[in-house]
Number of protein chains: 2
Amino acid sequence: MVKSNMSQKQEHLSKNQKIVLDMIEKSNQPMKAYSILFNVQKKGIKAPLQVYRALDKLVEMGKIHKIESRNAFIACQNSSCQVAKATAFSICEMCEKVTEISSSGLSKYLASFKDKDGMKYSKYNLEFFGLCKKCR
Amino acid sequence: MVKSNMSQKQEHLSKNQKIVLDMIEKSNQPMKAYSILFNVQKKGIKAPLQVYRALDKLVEMGKIHKIESRNAFIACQNSSCQVAKATAFSICEMCEKVTEISSSGLSKYLASFKDKDGMKYSKYNLEFFGLCKKCR
DNA sequence: TACACAATGTTATAATATAACAATATTTAA
DNA sequence: TTAAATATTGTTATATTATAACATTGTGTA
């Protein structure tokens, strides 16, 4: 097997990374760091830093995304996400349900968007707010 | 003068709201809450809560916006913003310069965007990341 | 084996934000 | 104009989110 510089790619998760990712995937909604911590203490994770370090790596790998407006983390719902660079979510302001949007139209539009100086951006985060079906 | 229910609209700012807004407007870059606090202590504002309360109101009024990925606040650069509901920024990952994007094409696209369930969102926040001209 | 590097464990602390309560000012409406 | 309603302020304490610093252990590879 060719390894080269892939030491840190998708296939290999460390122990703490697995524990944290499992926890986030079990929840179908975003989890906050200290809520993760509380829920994984029986697995031997004792300190915030252990959680934050795992979160950082998982975000880098694109396994999870941070919902910036909520300081919370959600599992990637696009199986294709290898890297966290272009994300879009809808957030219900009533029940806080968060859904990852995967619209190729939207991602193409944003990936090709140029600002006034002609600058393009390959990395973005978009959060839509509103009321979900149930809450309307 | 007709007042009705306009008690809290653009024209009237309270003392602390003015102080905080002035400070943010003087800075041409986003300011963090505790940096604002430090800089307005000579004006009589002593506690974090005084700053956060002013920030909340100013955000509601659309006078300032929160840069969620940075936990920082920037003065609205679109004179037209009356309400903080649809914002877009570019953020330089090197020097942290933030610019509010005002593109009618972008805002129209996002305002008319529908997700898979046909849901539209009148409120959103978009943050683009990259390198600004100087940093490239 | 030994080197490099990633991951872990641990304590302490920094940075961001809100709760709770009392008081004062301002606006609205009878 | 006065009383009620509402917005704002002041203040102390505390909750929540996140990182610094340092020592140690594991893992893959030269």
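Chain naming here is simple, since letters A, B, ... match the order of the sequence lines and numbering starts at 1 in each.
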Polar pairs (N or O, both sides) under 3.5 Å between protein and nucleotides 9-11 of chain D?
residue, atom, partner, partner atom, Å
D/dT9, OP1, B/S14, OG, 2.8
D/dT9, OP1, B/K15, N, 3.3
D/dT9, OP1, B/N16, N, 2.9
D/dT9, OP2, B/S14, OG, 3.3
D/dG10, OP1, B/K15, NZ, 3.2
D/dG10, OP2, B/N16, ND2, 3.1
D/dG10, OP2, B/Q50, NE2, 2.5
D/dG10, O5', B/Q50, NE2, 3.4
D/dG10, N7, B/R53, NH2, 2.5
D/dG10, O6, B/R53, NH1, 3.0
D/dG10, O6, B/R53, NH2, 3.4

Notebook entry, point to check: Which whole-number value in Å describes the distance from B/H12 NE2 to C/dT28 P?
Noted result: 11 Å

Notebook entry, point to check: Rounded to whole angstrom units, what separation is found between the NZ atom of B/K57 and the C1' atom of C/dA17?
Noted result: 17 Å

Notebook entry, point to check: So, B/S103 and A/K114: side-chain donor and acceptor under 3.5 Å apart, yes or no?
Noted result: no

Note to self: Hydrophobic clustering (ILVMFWY, side-chain heavy atoms < 4.5 Å, transitive) - are B/F89 and B/F113 grouped together?
What the structure shows: no

Next item on the list: Round to a whole Å and report the spacing from CG of B/L13 to P of C/dT26.
Entry: 14 Å

Margin query: Can a donor-acceptor pair be found, under 3.5 Å and without considering hydrogens, that links the side chain of A/Q17 to the backbone of A/K57?
Written below: no

Notebook entry, point to check: Taking atom P of C/dT16 as reference, at what distance in whole Å does atom CZ of B/F38 sit?
Noted result: 14 Å

Note to self: Is the phosphate of C/dA17 approached by B/K66 (side-chain N or O, under 4.0 Å from OP1 or OP2)?
What the structure shows: yes

Item checked: Check: B/Y34 side chain, C/dA14 base, donor-acceptor under 3.5 Å -> no

Notebook entry, point to check: Within this structure, what is the CD1-to-P distance between B/I19 and D/dT8, rounded to whole angstrom?
Noted result: 14 Å

Next item on the list: Return yes if some donor-acceptor pair links the side-chain N/O of B/E127 with the main-chain N/O of B/S69 below 3.5 Å, else return no.
Entry: yes

Item checked: B/Y52 side chain near C/dA17 phosphate (N/O to OP1/OP2, under 4.0 Å) -> yes

Check: Got a salt bridge between B/K123 and A/E93, using NZ or NE/NH1/NH2 to carboxylate O under 4.0 Å?
Finding: yes

Item checked: Atom-pair distance (CD on A/Q41; P on C/dG9), nearest Å -> 13 Å

Next item on the list: Would you tell me if any nitrogen or oxygen in the side chain of B/N71 comes within less than 4.0 Å of OP1 or OP2 on C/dA17?
Entry: yes

Next item on the list: Send over the distance from B/L37 CG to C/dA17 C1', rounded to a whole Å.
Entry: 12 Å

Checklist line | Student check: side-chain heavy atoms of A/L13 and A/L58 closer than 4.5 Å | finding: yes

Check: To the nearest angstrom, how far is B/L58 atom CG from D/dA7 atom P?
Finding: 16 Å

Margin query: Under 3.5 Å, is there a donor on one side chain and an acceptor on the other for B/S102 and A/K116?
Written below: yes

